[in-house]
Chemist: 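There's a structure below that I have some questions on.
Counting convention: from 1, in listed order, for ligands and their atoms alike.
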Amino acid sequence: MRESTAVFGGSFDPLHNGHLAIAREAVSRGYCRRVIWIPAARNPHKHSGPQAADELRLQMLRRAVEDLPWSSVSDIEIRRGGRSYTLETIKQLVSEHDLAEPWFLLGEDAMAGLPDWHGYSELVKRCSFLVCTRSGDSDAESERLLLEQRLQADGVRLRRIEIDPIDVSSTEIRMRARRGQDIYQLVPAVVADCIVHEALYTGIPEVYPDICARAEQEMSQQRFAHSLRVETTAMHLAERHRVPIWPVRLAAIAHDLVREWSPQRLLSYARQFGLAVSDQQLATPVLLHGLCAADLLHREYGILHESVLRAVAHHTLGQRGMDDIGKVLFVADYAEPGRRLPDPRLRQALQNADLSESCAMVLEDQRSRFGELSPDTRLFYEWLKGR
Ligand SMILES: Nc1ncnc2c1ncn2[C@@H]1O[C@H](COP(=O)(O)OP(=O)(O)O)[C@@H](O)[C@H]1O
């Protein structure tokens with residue numbers, strides 16, 4: 001059947017609910033019976049390539065559409081490598097799959113740039129274009145019509161699908177992932193799981209080796225060995241409590257990065273970069289080492305992951321509202337196997353407790369050893385106990 005296949009090309013870095021919605025509309029409105037998703041190796045109109053590796057983008061896409069009988073994924077552009085020219089792709093698809101004239105599925109933002117596509121005049125003879133536009137956007141309507149007339153004069157065969165706008169973009173998802181914010185509302189769950197598991201777009205796996213090397217170089221041997229044990233303990237805890245591993249690893253290896261700085265150096269760093277210093281930290285500057293390490297991760301390594309930064313900043317005194325990554329670091333720092341605990345049963349108890357109970361047990365142990373908790377830590381304890 002002519003024009004029953006739509007080719008949907010894009011970077012899919014990553015695939016999101018907006019992409020899925022337009023493909024679904026194209027099928028449910030009867031324009032095509034199937035959609036072939038084609039992740040680009042490299043979009044020729046963008047300065048930089050995709051951030052996620054080809055294999056991962058492909059894997060996310062495959063998992064996201066595997067239950068949609070009208071969908072299939074092709075890796076021809078990734079296999080071809082280099083700039084992904086749609087003309088080459090269409091020619092190859094037509095010859096390999098005996099496709100009649102296919103549709104090419106496009107978002108509205110891409111429509112205006114069509115005349116600049118490689119081999120434009122040949123491309124428009126080989127496929128028709130299905131363009132998704134925002135319904136109800138009357139301001140843009142006259143501009144749209146002008147553009148359509150221009151394209152039609154060039155021989156472009158074009159159909160519009162009006163859809164309710166889906167306000168989501170891959171850029172937004174990458175930014176949210178970088179900050180460690182929730183993305184489950186914006187992408188299929190399998191895609192979100194993959195992004196979280198691989199720490200995609202966070203920059204964490206990329207900077208981790210440098211930070212680890214710096215920790216080894218700048219810390220005493222003893223302290224570096226402690227950091228490594230905290231990391232291992234934290235990874236076990238993270239696995240047991242289903243907390244993402246990469247942010248935990250980074251927080252653990254970096255938490256004491258500046259622990260051996262002198263009080264003067266900590267105070268002058270905090271002053272230089274305008275960090276808010278509490279009275280307690282002013283009186284005992286070593287308490288600033290978490291805050292300074294978190295600031296350094298952000299400033300020198302571009303880490304924006306909010307949970308990692310908070311976990312590192314507050315690993316010594318704890319914090320009301322601490323999330324799971326913070327709790328894992330807090331517990332691992334106290335209970336790593338190199339620490340001598342007065343009550344050996346604590347380690348055993350931590351095996352079975354949930355993360356909030358574990359933090360509370362650590363605080364109770366600290367109180368029995370060192371006396372009253374500091375005011376901030378008391379607030380943390382009361383919060384953990386639901387008070
Ligand atoms: N929220 C959205 N609603 C409708 N179309 C979209 C949306 N997001 C992206 N698109 C369209 O999906 C296609 C693929 O987008 P993308 O993966 O960002 O790849 P690229 O920008 O590299 O082409 C483009 O044609 C784009 O216009």
Side-chain angles (χ1 to χ4, degrees), residues 6-29 31-32 35-54 56-62 64-65 71 73-78 80-90 102-118 120 123-124 127-137 140 144 147-148 151 156 158-177 183 185-188 191 194-195 200-201:
V7 173
F8 194 4
S11 300
F12 304 120
D13 188 24
L15 167 90
H16 57 65
N17 292 343
H19 295 131
L20 276 175
I22 65 178
R24 219 173 247 128
E25 288 298 318
V27 175
S28 66
R29 295 192 196 185
Y31 289 104
C32 56
V35 174
I36 306 179
W37 301 76
I38 307 192
R42 175 120 194 215
N43 179 333
H45 307 108
K46 290 189 179 169
H47 294 301
S48 49
Q51 289 186 21
D54 295 348
L56 277 173
R57 287 182 298 122
L58 204 51
Q59 193 188 93
M60 289 192 281
L61 197 44
R62 283 193 170 128
V65 305
S71 273
V73 177
S74 161
D75 62 357
I76 55 171
E77 291 195 347
I78 283 179
R80 215 167 55 224
R83 292 173 179 220
S84 302
Y85 294 120
T86 303
L87 176 60
E88 304 304 322
T89 305
I90 297 286
W103 290 105
F104 192 84
L105 198 51
L106 275 181
E108 189 175 4
D109 56 328
M111 175 169 75
L114 203 53
D116 298 327
W117 286 21
H118 169 78
Y120 172 60
L123 176 68
V124 302
C127 62
S128 309
F129 292 85
L130 259 184
V131 182
C132 279
T133 57
R134 288 168 171 246
S135 55
D137 188 356
R144 237 181 243 147
L147 178 61
E148 272 182 31
L151 294 173
V156 177
L158 189 143
R159 278 287 175 80
R160 253 210 262 165
I161 318 179
E162 293 220 340
I163 58 167
D164 289 335
I166 299 139
D167 197 11
V168 51
S169 67
S170 298
T171 309
E172 181 195 357
I173 290 152
R174 291 196 299 269
M175 188 40 86
R176 291 189 67 83
I183 49 168
Q185 303 303 314
L186 306 175
V187 298
V191 172
C194 177
I195 291 173
L200 265 181
Y201 312 120

Chemist: Look only at the side chain of Asn17 and the backbone of Gln185, and say whether a donor-acceptor pair between them is shorter than 3.5 Å.
Modeler: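 Flag set: sc Asn17 to bb Gln185 pair under 3.5 Å.
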
Chemist: Side-chain contact test, heavy atoms from C-beta onward, threshold under 4.5 Å: evaluate it for Arg57 versus Leu200 and give yes or no.
Modeler: no

Chemist: Can you pull every nitrogen or oxygen pair between ligand 1 and the protein closer than 3.5 angstrom?
Modeler:
unit_1   : atom_1 : unit_2 : atom_2 : d
ligand 1 : 1 (N)  : Ile166 : O      : 2.9
ligand 1 : 1 (N)  : Val168 : O      : 2.9
ligand 1 : 8 (N)  : His16  : NE2    : 3.3
ligand 1 : 15 (O) : His19  : NE2    : 3.3
ligand 1 : 17 (O) : Ser11  : N      : 3.3
ligand 1 : 17 (O) : Phe12  : N      : 2.9
ligand 1 : 17 (O) : His19  : NE2    : 3.2
ligand 1 : 19 (O) : Ser11  : N      : 2.9
ligand 1 : 21 (O) : Lys46  : NZ     : 2.9
ligand 1 : 22 (O) : Ser11  : N      : 3.3
ligand 1 : 22 (O) : Ser11  : OG     : 2.5
ligand 1 : 22 (O) : Asn43  : ND2    : 2.9
ligand 1 : 22 (O) : Lys46  : NZ     : 3.0
ligand 1 : 23 (O) : Asn43  : ND2    : 3.4
ligand 1 : 25 (O) : Gly107 : N      : 2.9
ligand 1 : 27 (O) : Gly107 : N      : 3.2
ligand 1 : 27 (O) : Asp109 : OD1    : 2.4

Chemist: Are any of the side-chain heavy atoms of Val187 and Leu20 separated by less than 4.5 Å?
Modeler: no

Chemist: Ignoring hydrogens and geometry, is there a side-chain-to-backbone donor-acceptor pair from Ser170 to Pro14 under 3.5 Å?
Modeler: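 Yes, the answer is positive, given that a donor and an acceptor are paired below the 3.5 Å cut-off.
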
Chemist: Hey, is the main chain of Ala41 close enough, under 3.5 Å, to the side chain of Ser84 for a donor-acceptor pair?
Modeler: yes

Chemist: For Glu148, check salt bridge (Lys or Arg N to Asp or Glu O under 4.0 Å) against everything at least two apart and list the hits.
Modeler: Arg160

